[in-house]
Amino acid sequence: MTTSSLSALTATFALGLMFAAVEPVSANTGEANLESCLGGIAGQAVSRGVPQTAVDQALASVRPLPRVLELENRQPEFTLSFGRYLERLVTEERVEQGRVMLSRHGSLLQQISVQYQVQSRFLVAFWALETNFGQNLGSFRTLDALATLACQGRRKDFFSTQLVEALQLVGRGEVTADAMVGSWAGALGNMQFIPSTYQAYAVDHDGDGKRDLWGSLPDAFASAANYLSQLGWNDEQTWGREVRLPANFDWHLVSIETKPETRKSLAEWSRLGVTKADGSPLPRVDIEGAVITPAGHRGPAFMVYGNYTRILDWNRSILYAVAIGHLSDRLIGKPGLARQIEPTHGRLSLGEVEEIQTRLGILGFGAGNPDGRIGPLTRAAIRRFQQAKGLPADGFADQMLLRALRESTQG
Ligand code: CA
């Protein structure tokens, strides 16, 4: 860190430092820590070629946002159920609005779709889920939010990197520090790109010389298309489809990892008795798919293709990926899901998830530390328990699983 950047930072935090010098109590240590943390980040930005003056200027006005830490640390009381998630994200109103958008921006989307080879309906689906068609861009000052998370949050390394990337955007004059606003976690613009994604994949599509993901829909759509294309999107395929599994289906063939782990050709799945949701045969095309059951064996099953995994590259959430796929289907007139399930099915309290993890541990199925979150370790442990009990091994946690675990751990 050089002297000039120190001076800017010292000006910002002089008060904190003064107190720290006379009375080194914890409240002031926090400010001193923030100062030294931002100093380190400033140094990284400069070493990445951002002009010193730009870094100083951008960081001089940075203020920590306690609200951002609250949001980072919030623990939902219940797990999100598949049915509830879909019900909230893929509403009839949203489907209707999405169709309007698909038509209103039709020629622009069509042109981008051809150029980047990503179907328009997926671009509109991402736009819908990320910002409700641009209505919800977020109002946190990005530099404040990222500085808070980078210096005081739980994932300091990740957010430090994002702050350096954000400073590079400001340093190049792509956006001013004050105009850079977004989500509490630093996501930007219509498609909620984090700064590193913005840096790497945003494009200037309207030709004004700037990549503007807030004010320019051509830039926003083309940037999303470019990102998906670079991730390996294949516009000759869809994301997946709802399927029907035969009664004698081997549940070990269902993928329970976040990224599907068991892929087979559609011909092979057909031989195993898997059909389209209406019972008709799977398409006779030479592609691979994986079967997922995000609401367990009682809920709908999906055959997912490569593009599903690309959606997970965008956002590592099974529910999000299915919601994007399903919404994109609804936008072009495909029907709702054939297999309905109680919206709250699989909804568990934090305490219930911890209990499931604890009981799995007692029985020796090793679900890891009880943390109230259902991740890959927990799903794998559930599957081993189900297998031992002769239950459908879908790796899914619900009240019935909890009951079975309680019975098995009694006395
Ligand atoms: Ca532009």
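We count ligands from 1, going down the list as the structure has it; atoms in each ligand are counted the same way. Note that the structure is a prediction, hence the values are computed from the model and not measured.
Ring geometry for Phe82 against Phe302 counts as tilted: the plane angle lies between 30° and 60°, on a 0 to 90° scale.
With Asn369 contributing its side chain and Asp371 its backbone, the two residues share no donor-acceptor pair below 3.5 Å.
Per residue Asp208, closest N, O or S atom to the Ca ion (ligand 1): atom name OD1. Its N, O or S atom nearest to the Ca ion (ligand 1) is what matters here, and for Asp204 that atom is OD1.
A cation-pi arrangement is absent between Arg384 and Phe365, since the terminal nitrogen or guanidinium carbon is not both under 6.0 Å from the aromatic centre and inside a 45° cone about the axis.
Backbone or side-chain N, O or S atoms of Arg211 do not reach the Ca ion (ligand 1) at under 3.0 Å.
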Run the side chain to side chain donor-acceptor pair (under 3.5 Å) test on Asp206 and Ser216 for me, step by step, so that the C-alpha distance in whole Å, both residues' side-chain angles and the decisive distance to 0.1 Å come before the verdict.
CA-CA 8 Å; Asp206 60 16; Ser216 164; 2.8 Å; yes
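Geometry note: the Ca ion (ligand 1) is the vertex, Asp219 OD1 and Asp206 OD1 are the arms, and the angle is 80° (rounded to 10 degrees).
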